[in-house]
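A, B, ... follow the sequence lines: proteins, then strands. Residue 1 opens every chain.
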2 protein chains.
Amino acid sequence: MPPDRKPYHRADEDTRRQALITATLALVAEGGAQAATVRAIAQKAGVTAGLIRHYFQGKDALMAAAYAHLMHRMTADSAAVLRTAPHDPKARLAAFVTAALCPPVVDGEALVLWAAFMQETHRDPAMRQTHAQTYLAFRDQLQSLIADLLGHSAPQDLRRLAIACNAVIDGLWMEGCALPDAFAMGELVDLGLHAVGAILGADLAGQSAQGTPVSTQSNMKVPA
Amino acid sequence: MPPDRKPYHRADEDTRRQALITATLALVAEGGAQAATVRAIAQKAGVTAGLIRHYFQGKDALMAAAYAHLMHRMTADSAAVLRTAPHDPKARLAAFVTAALCPPVVDGEALVLWAAFMQETHRDPAMRQTHAQTYLAFRDQLQSLIADLLGHSAPQDLRRLAIACNAVIDGLWMEGCALPDAFAMGELVDLGLHAVGAILGADLAGQSAQGTPVSTQSNMKVPA
DNA sequence: CTATCAATTATCCAACCGCATAATAAGGCC
DNA sequence: GGCCTTATTATGCGGTTGGATAATTGATAG
């Protein structure tokens with residue numbers, strides 16, 4: 001008695017892994033980590049649950065892979081913003097801040113996603129390391145932009161300024177994600193440019209409306 | 001054959017509820033929301049699992065109660081900081097910022113706890129409302145301090161300044177919680193005072209070392 | 001056209017989840 | 001000191017979880 005099986009087609013390894021990772025991220029985003037069960041992931045990816053074990057060592061490994069994928073996409077997109085930005089240091093920094101405070105970086109899903117993975121990060125040392133790397137890379141990028149703008153102050157001061165500016169961006173990012181209706185279009189960007197400008201002692205607000213594609217994903221949120 | 005039962009003593013309602021809520025928060029802090037099962041909560045509270053249903057309508061109700069308790073404690077302690085602060089507007093604001101960037105507010109557990117509940121908040125409208133109230137209350141407190149310092153500017157400007165300063169505090173709080181070893185003692189406070197001062201155009205750094213008890217809990221982190 | 005083998009599915013399993021209910025004992029009241 | 005209320009424990013249930021294994025398919029090479 002052959003019970004009718006679901007017909008299927010073979011896909012190469014990368015495609016399948018990618019589909020599983022995408023499905024995992026989607027589920028975590030919409031329902032938290034607990035919503036990403038092996039069965040739900042498989043269903044969303046259009047396969048059956050057992051397949052996960054065929055491509056990953058277990059559910060934990062899939063989660064770790066999804067997290068790493070998310071972080072790498074973030075850093076890659078962040079770098080892309082800088083590649084298309086102008087050459088004036090002030091405009092480049094303004095573009096960076098603007099990109100970090102606009103959709104799709106500012107997004108209701110993004111915050112949930114970030115929060116969900118932070119807990120995993122708190123338990124799994126491997127995830128913690130993945131995070132630390134990407135987080136510091138993001139801050140270093142910001143610090144580099146500040147250095148270009150300020151004409152290379154003392155490294156200590158640069159680090160402090162980068163931390164403070166990063167905090168502003170993170171904080172505004174959080175509020176924008178969490179309370180999307182509480183801010184008018186562009187208000188978040190305006191606030192960010194003013195605040196970062198105030199901290200650095202430079203006027204960035206004039207740069208806001210030009211040369212910023214505002215179309216990629218970045219940001220680097222914490223955990224330990 | 002009377003199988004030996006665990007001996008117990010009766011406790012009044014408030015004590016038991018409190019114990020269950022405390023146990024819930026502890027478990028969420030150390031293992032995320034998924035670690036807070038009814039059995040684990042009961043064990044940590046020193047009772048058996050069935051008792052939870054006797055005091056709460058279900059596990060969800062207990063989680064909601066725990067979240068509300070956490071938020072209320074935060075706001076209460078935040079108000080306490082202001083009560084013991086001096087009368088000079090500048091010193092009061094400095095004390096507020098300082099308290100938000102020192103232990104026990106800055107704490108590894110705090111961030112995990114916040115992140116865990118944010119996901120629940122994302123699903124449960126009741127929790128979302130609980131959050132929105134406490135969050136806006138915190139920001140209003142900050143805005144009030146800024147108004148005292150600046151001599152009442154236009155409400156629009158006050159709101160914008162409060163949002164920006166709140167973002168700085170939130171961002172530094174996150175980094176401090178997540179990367180406790182990345183900052184020297186007092187560095188976070190120093191950074192926060194300088195950044196908030198820069199945004200408001202006032203020098204707060206001189207106020208840092210005095211009159212701030214640095215011993216209560218506050219902060220108000222986002223979600224939607 | 002067929003044999004081969006990896007990819008995919010189907011099925012089973014032990015553990016755990018939250019919840020419901022029955023049995024039991026603790027403590028106040030007279 | 002005995003009784004009555006009820007807080008508390010103990011036990012059982014249906015459902016779901018992640019993981020393991022066996023069966024079956026589809027692609028591919030010869």
**Message:** Just the rounded figure in Å: distance from C1' of D:dA7 to CZ of B:R17.
**Reply:** 14 Å
**Message:** Just the rounded figure in Å: distance from P of C:dG27 to NE2 of B:H9.
**Reply:** 8 Å
**Item:** Between P of C:dA20 and NE2 of B:H54, the distance in whole Å
**Value:** 14 Å
**Item:** Rounded distance (Å) that lies between atom P of C:dC17 and atom CG of B:D60
**Value:** 15 Å
**Request:** Name the nucleic acid region contacted by A:Y55, choosing base, sugar-phosphate or nothing; use a 4.0 angstrom heavy-atom cut-off, strictly under.
**Result:** sugar-phosphate
**Prompt:** Whole-Å distance between C:dA20 C1' and B:I52 CD1?
**Reply:** 14 Å
**Asked** Rounded to the Å, how far apart are B:R53 CZ and D:dT9 P?
**Response** 16 Å
**Asked** NA contact type, A:A49, heavy-atom cut-off 4.0 Å: base, sugar-phosphate, or nothing?
**Response** nothing
**Message:** Using only atom types and a distance under 3.5 Å, with no angle test, would you say the side chain of B:R139 pairs donor to acceptor with the backbone of B:I163?
**Reply:** no
**Item:** d(NZ, B:K59; P, C:dC19) in whole Å
**Value:** 8 Å
**Complete:** When rounded to whole Å, the CD to C1' distance for the pair B:Q34 and D:dT16 reads 14 Å
**Prompt:** Looking at C:dG18, C:dT24, D:dG18, which one has an atom nearest to any side-chain atom of B:V38?
**Reply:** C:dG18
**Message:** For B:R16 and B:R39, find the nucleotide of DNA chain D closest to each by heavy atoms; which residue's nucleotide sits nearer the 5' end?
**Reply:** B:R16
**Prompt:** For B:T37, which contact category applies under a 4.0 Å heavy-atom criterion: base, sugar-phosphate, or nothing?
**Reply:** sugar-phosphate
**Item:** B:R10 vs B:P7, nearer the 5' end of DNA chain D by closest nucleotide
**Value:** B:R10
**Asked** Would you say B:I52 and B:K59 make side-chain contact, with heavy atoms under 4.5 Å?
**Response** no
**Prompt:** Testing B:L62, B:T24, B:V38 for side chain to side chain contact (heavy atoms under 4.5 Å, CB included) with B:F56, which one passes?
**Reply:** B:L62
**Prompt:** Starting at the 5' end of DNA chain C, which residue's closest nucleotide do you reach first, B:A40 or B:G50?
**Reply:** B:A40
**Message:** Could you check whether any side-chain N or O of A:T22 sits under 3.5 Å from a backbone N or O of A:Q18, counting only pairs where one atom can act as donor and the other as acceptor?
**Reply:** yes
**Asked** Do other residues, nucleotides or ligands put more than 12 heavy atoms under 6.0 Å from B:Q43 CD?
**Response** no
